[in-house]
Peer 1: 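Below is a structure I'd like to ask you about.
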Amino acid sequence: MQLHHRHPWNLTPAEAIALQKELRTEVVSNRPIDIEAIGLIAGVDVSVKNEQSQAAVVVMTYPGFLPVETVLAQRPTPFPYIPGLLSFREGPVLEEAFEKLKSVPDVFLFDGMGIAHPRRIGIASHMGLWLDRPTIGCGKTLLCGRYKDLAEEKGAMAPLVDKGETIGVALRTRTARNPMFISPGHLADIATAAALVLACSPKYRLPEPIRMAHNAAGQFSS
DNA sequence: GCGACAG
DNA sequence: ATCTTGTCGC
């Protein structure tokens, strides 16, 4: 796939934060996704093995979730894990994977946050600028923000609020399971992002595209 | 200063 | 994320 907004990755943490503050002004997080028009959806995930990072992007049909393309990429892990700077750790290997992608998915689901981030530019938002396609952040645990208790039933959701701003939703994708934290990455909005993720979770807590990417990246379920 | 902290 | 078997619960 053609990538946009590319930039060097060899930055210090302070430089990375400065870059995020620049890039966040480009992020569009109030645009509804036309779910009815989706034909292909991609799941993105990265696993780390001894200094080496492996990325996997699995493209599947929507609805139906039949895999149509899988790309893998490996590279040395270039940056430590620092909360708030995940994209600088996983970005390089993802760039390599995206370049190998033949198909052009209508939406990308990421393992991590979109705008539900201290500077409103988590990995899904950052990579969304590169892809110039709708992206959604799907976190398993919270990075920032608070939410009120939500019903135990699948489909229940509660606004995720940080510093007075609604940045996403806590969404129960499975009854009696911990909620997922959904936020727009780029070219998406909170309501349609949540609706789509729920539609992508017919059986497990993790949305289907991300489960597939997780497996392809070389891991087992959890 | 203290606590929190995606993967 | 990763180190790791069996086990408790819906």
Side-chain angles (χ1 to χ4, degrees), chain A residues 9 13-14 16-17 20 23-24 27 29 43-57 72-95 97 108-128 135-147 151-156 160-163 165 167-186 188 190 193-194 197 201 203-207 209-222:
Chain A
W9 286 116
I17 289 175
Q20 289 183 321
L23 295 178
R24 72 177 176 191
V27 177
S29 56
V44 180
D45 189 44
V46 174
S47 68
V48 178
K49 287 286 187 181
N50 304 316
E51 314 293 290
Q52 286 288 310
S53 289
Q54 169 147 286
V57 179
L72 299 175
Q74 306 80 214
R75 295 201 65 179
T77 306
F79 200 84
Y81 169 67
I82 299 175
L85 299 180
L86 182 63
S87 57
F88 295 88
R89 177 178 172 80
E90 305 190 340
V93 71
L94 285 178
E95 169 180 24
F108 288 79
L109 265 41
F110 285 78
D111 205 335
M113 303 305 183
I115 63 170
H117 176 283
R119 290 172 292 284
R120 309 294 182 254
I121 181 161
I123 191 166
S125 300
H126 194 154
M127 294 297 100
T135 59
I136 297 172
C138 308
K140 297 182 291 296
T141 60
L142 212 48
L143 172 59
C144 69
R146 296 182 61 245
Y147 63 99
E152 289 295 300
E153 291 66 41
K154 172 178 181 176
L160 180 56
V161 181
D162 183 48
K163 296 174 178 173
E165 182 181 356
I167 57 178
V169 294
L171 169 68
R172 199 86 74 180
T173 50
R174 275 207 72 179
T175 296
R177 290 302 195 226
N178 289 149
M180 291 288 292
F181 301 97
I182 313 305
S183 58
H186 181 48
I190 296 175
V197 169
S201 312
K203 181 166 179 163
Y204 303 98
R205 182 170 86 116
L206 261 44
I210 289 183
R211 288 185 65 249
M212 296 297 94
H214 200 279
N215 291 158
Q219 297 303 299
F220 295 95
S221 52
S222 61

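Every chain is numbered from 1 and lettered A, B, ... according to where its sequence line falls, protein lines coming before strand lines.
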Peer 1: Distance-only, no hydrogens or angles: does the A/Arg120 side chain make a donor-acceptor pair with backbone N or O of A/His117 under 3.5 Å?
Peer 2: yes
Peer 1: Are OP1 or OP2 of C/dA1 and a side-chain N or O of A/Lys140 less than 4.0 angstrom apart?
Peer 2: yes
Peer 1: Mind checking if A/Ile123 touches a base, just sugar-phosphate, or nothing, with heavy atoms under 4.0 Å?
Peer 2: base
Peer 1: Please state whether the phosphate of B/dG7, meaning OP1 or OP2, lies under 4.0 angstrom from any side-chain nitrogen or oxygen of A/Thr141.
Peer 2: yes
Peer 1: For A/Lys163 and B/dA4, what is the distance between atoms NZ and C1' respectively, to the nearest whole Å?
Peer 2: 12 Å
Peer 1: Would a distance-only check, ignoring hydrogens and angles, find a side-chain to backbone donor-acceptor pair under 3.5 Å from A/Thr173 to A/Ser201?
Peer 2: no
Peer 1: Has A/Arg205 got a side-chain atom pairing as donor or acceptor with A/Pro179's backbone, closer than 3.5 angstrom?
Peer 2: yes
Peer 1: Over how many whole Å does the gap from A/Ile121 atom CD1 to B/dA6 atom C1' extend?
Peer 2: 14 Å
Peer 1: A/Leu143 has a side chain; which of B/dC5, C/dG9, B/dG7 sits nearest to it?
Peer 2: B/dC5
Peer 1: Counting side-chain heavy atoms from C-beta on, which of B/dG7, C/dT2, C/dG9 comes nearest to A/Tyr81?
Peer 2: B/dG7
Peer 1: Between atom CZ in A/Phe181 and atom C1' in B/dC5, what is the gap in whole Å?
Peer 2: 13 Å
Peer 1: Considering only C/dT2, B/dC5, B/dG7, which nucleotide approaches the side chain of A/Ser47 most closely?
Peer 2: C/dT2
Peer 1: Using atom CG of A/Leu160 as one end and atom P of B/dC5 as the other, report the distance to the nearest whole Å.
Peer 2: 12 Å
Peer 1: How close do A/Ala97 and A/Ala55 get, counting heavy atoms only, and between which atoms?
Peer 2: CB-CB, 4.2 Å
Peer 1: Find the distance A/Ile167:CD1 to B/dC5:C1' and express it as a whole number of Å.
Peer 2: 13 Å
Peer 1: In this structure, how many angstroms lie between the C1' atom of B/dA4 and the CG atom of A/Asp162, rounded?
Peer 2: 11 Å
Peer 1: Can you check the A/Asp45 CG to B/dG7 P distance for me, whole Å?
Peer 2: 10 Å
Peer 1: Send over the distance from A/Ile210 CD1 to B/dG7 C1', rounded to a whole Å.
Peer 2: 12 Å
Peer 1: Just call it for A/Gly139: base, sugar-phosphate, or nothing, with non-hydrogen atoms closer than 4.0 Å on any strand.
Peer 2: sugar-phosphate
Peer 1: Reckon A/Gly84 touches a base, only the sugar-phosphate, or nothing at all at heavy-atom distances under 4.0 Å?
Peer 2: base
Peer 1: Taking C-beta and beyond as the side chain, do A/Val44 and A/Asp111 meet within less than 4.5 Å on heavy atoms?
Peer 2: no
Peer 1: Whether A/His214 contacts B/dG7 is assessed here as follows: a side-chain N or O lying under 4.0 Å from the phosphate OP1 or OP2. Is that the case?
Peer 2: no
